[in-house]
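A quick write-up on the structure given underneath.
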Amino acid sequence: MNIEQWGEHKLIMSAMSDMIESMDKSSQMTKMISHVCNSGGKKIRPIMLMLSSEICGGDSKKSVDAALAIELIHSASLIHDDLLDGGLIRRGIPSAHEKFGYAAAMLCGDFLISKSIELISPFGTNAIRDFGRAGMCMAEGETCDVKSVEGTFDEGNYYECIRKKTASLFAASASIGAYIGGADDEVAGKCRLYGEHVGTAYQIVDDLLEYMHVQDDKKSTHESMTLPQIYLKHMSHEDAVKRSIEEVEKQVRYANDILGTFDPCGSTDKLVQITNHITIDMLP
Ligand code: FPP
Ligand code: MG
């Protein structure tokens, strides 16, 4: 799968470089935004938004600003997450606060959130509501994540935490795309649930890779509780890994089952590809 060749990937990259191009080159904020936006990343969430719009009858060119809003709020959340968990390396390069300092990084996150609100604002009530709710969920989920290493944090707490901090933005990407494509609440709800399953599977995989120490493109001072660590209280390391992988496969099955209810087309096929690419294809 060569996602960089996809039309949706080219659209989001070009919208991002147009945004940076339009900013004052001499400002410190532009330098920070450039650092964050040019640090790679697969652009899965904005692509998911555009593809969800396509499977609901929309044209991805018309949803690109909403897709950029999703990518920018995602970037802001990573900057703030790195501030909270002492992230040193993100996507193989220094985190924003390592490079520019704490105050500047926090303000860069604030700028990105504000810019994302500007970008999502023309897309109507449903899109704006889902966008706002995702932001609130992420902040709540992160609050729970920060406390995950204290006291008792069980499987239920873990799922609640990752549903909010990670899956909520995937869910909003898919539902906002659906609304922009012309979907009603029922179809947008199906897309939202699809995104939630993908985001849940994605975070379990990310945590599993962290638990197994097989990630080399990021490094943090503080680590959160992971699913295999919770299972480890009741079973062996091998069983904890196996059980976590089964959970990923279950979430991916649910996600792909939802996609199966849409008429098959190039865009549903691409959604299946990105779902697998960021989840089961990443498994060790
Ligand atoms: C990464 O988790 C972090 C998140 C998925 C969400 C972070 C959310 C916030 C800081 C709230 C911000 C809210 C808004 C509206 C911007 P991780 O630390 O497990 O993953 P990592 O290994 O990639 O750091
Ligand atoms: Mg982190």
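Remember, it's 1-based here, ligands and their atoms both numbered in the order they're listed.
- The name of the N, O or S atom in Asp81 nearest to the Mg ion (ligand 2) is OD2.
- An N or O contact shorter than 3.5 Å links Lys165 to ligand 1 by distance.
- Between Lys270 and Glu8 there is a salt bridge, since at least one side-chain N of the basic residue sits less than 4.0 Å from a carboxylate O of the acidic one.
- Within ligand 1, the atoms closer than 4.0 Å to a non-hydrogen atom of Gly135 are 15 (C), numbered from 1 in the order shown.
- Looking only at protein heavy atoms, the nearest one to atom 7 (C) of ligand 1 is Glu142 OE1, 3.3 Å.
- With ligand atoms numbered from 1 in the order given, ligand 1 contributes 19 (O) to contacts under 4.0 Å with heavy atoms of Gln203.
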Does the side chain to side chain contact (heavy atoms under 4.5 Å, CB included) test come out yes or no for Leu169 and Arg45, once each step is laid out?
-> CA-CA 8 Å; Leu169 193 59; Arg45 296 161 189 78; 3.7 Å; yes
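- Set against the non-hydrogen atoms of Arg90, the atoms of ligand 1 under 4.0 Å away are 21 (P), 23 (O), 24 (O).
- Any N or O atom pair closer than 3.5 Å counts here, and Ser224 shares no such pair with ligand 1.
- For Asp85, the N, O or S atom with the smallest separation from the Mg ion (ligand 2) is OD2.
- Considering only heavy atoms from C-beta on, Ser52 comes within 4.5 Å of Met48 through its side chain.
- Considering backbone and side-chain N/O of Asp81, one or more are found under 3.5 Å from N/O of ligand 1.
- Between Lys218 and Asp206, at least one side-chain N (NZ, or NE/NH1/NH2) sits under 4.0 Å from a carboxylate O, which counts as a salt bridge.
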Test side chain to side chain contact (heavy atoms under 4.5 Å, CB included) on Tyr202 and Ile44 and set out the steps.
-> CA-CA 11 Å; Tyr202 168 79; Ile44 297 296; over 6 Å; no
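- Contact annotation: for Ile113 versus ligand 1, heavy atoms closer than 4.0 Å belong to the side chain alone.
- Under a 4.0 angstrom heavy-atom cut-off, Met136 registers as lying outside contact with ligand 1.
- Between Glu118 and Lys115 there is a salt bridge, since a side-chain N of the basic residue sits under 4.0 Å from a carboxylate O of the acidic one.
- Close approach of ligand 1 to Asp85 is summarised as follows: ligand atoms under 4.0 Å from at least one heavy atom of the residue are 18 (O).
- Every atom of ligand 1 with a heavy atom of Asp206 under 4.0 Å away is listed here by number and element: 20 (O), 22 (O).
- Contact check for Met19 versus Ile33: side-chain heavy atoms found under the 4.5 Å cut-off.
- For His237 and Tyr231, the distance between ring centers is not under 6.0 angstrom.
- Using a 4.0 Å cut-off between charged side-chain N and carboxylate O, Arg90 and Asp81 make a salt bridge.
- Shown in contact with Ala139 at under 4.0 Å from a heavy atom are these atoms of ligand 1, numbered in order with element: 11 (C).
- Between Glu186 and Lys190, none of the side-chain N atoms (NZ, or NE/NH1/NH2) sits under 4.0 Å from a carboxylate O, so this pair counts as no salt bridge.
- With hydrogens left out, the protein atom closest to atom 8 (C) of ligand 1 is Ser77 CB, 3.7 Å, a heavy atom.
- Looking only at heavy atoms of the protein, atom 22 (O) of ligand 1 is closest to Lys218 NZ, 3.3 Å.
- Residues His277 and Lys42 meet the side-chain proximity criterion, which asks for heavy atoms closer than 4.5 Å.
- Numbered from 1 in the order shown, with element, the atoms of ligand 1 that lie under 4.0 Å from a heavy atom of Thr166 read 5 (C).
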